[in-house]
Amino acid sequence: MSKSERDDDLRGEQLSAWAESLDGIATDAVVIRGNGEDSGRALLEAALGSSEAVDRAIGRPNLSGVSGLGKSPVRQVRLPIALDEALVQRANFEHRRPSEIVREALVAYLGKAS
């Protein structure tokens, strides 16, 4: 297990202990789903340490590199087992995510096709 994985595990254990302790919540409190964009934000900021950490932690970044464009489109594809295993093996070898390799392969393929 890498150092970052150990750090993540430790942080997760600390956050679990904090959440389960109910510190600061009255024993007779009723917790309901919040309304609005900022619902629960203060709790996330307390757990993660800052507003910037919350911004980094929630959601996925837009892959277009331009802020304000919304979500990146998602494509789902089924792969034969052998191809998926080869993709995962290559991703692990290169310390990358399979999705990065797929995007790179599509850019190369579509660039040749035009």
Quiz item: How many angstroms lie between atom CG of Asp8 and atom NZ of Lys3, to the nearest 0.5 angstrom?
Solution: 10.0 Å
Quiz item: Taking everything shown except Gln89 itself, do over 12 heavy atoms lie less than 6.0 Å from its CD?
Solution: no
Practice problem: Report yes or no: do Tyr109 and Val107 belong to one cluster of Ile/Leu/Val/Met/Phe/Trp/Tyr joined by side chain heavy-atom distances under 4.5 Å? | Solution: no
Pairs of donor and acceptor atoms involving the side chains of residues 90-99, under 3.5 Å and at least two apart or interchain, shall be tabulated with distances.
from, atom 1, to, atom 2, distance (Å)
Arg90, NH1, Glu94, OE2, 3.4
Asn92, ND2, Val88, O, 3.3
Glu94, OE1, Arg96, NH1, 2.7
Arg96, NH2, Glu104, OE1, 3.0

Self-check item: For Leu106, side chain to side chain contact (heavy atoms under 4.5 Å, CB included) partners two or more places apart
Solution: Val102
Practice problem: Treating Ile, Leu, Val, Met, Phe, Trp and Tyr as nodes and any side-chain heavy-atom pair under 4.5 angstrom as an edge, say whether Val74 and Val77 lie in one connected cluster. | Solution: no
Quiz item: Got a salt bridge between Asp7 and Arg11, using NZ or NE/NH1/NH2 to carboxylate O under 4.0 Å?
Solution: no
Exercise. For Ile81, check side chain to side chain contact (heavy atoms under 4.5 Å, CB included) against everything at least two apart and list the hits.
Key: Glu85
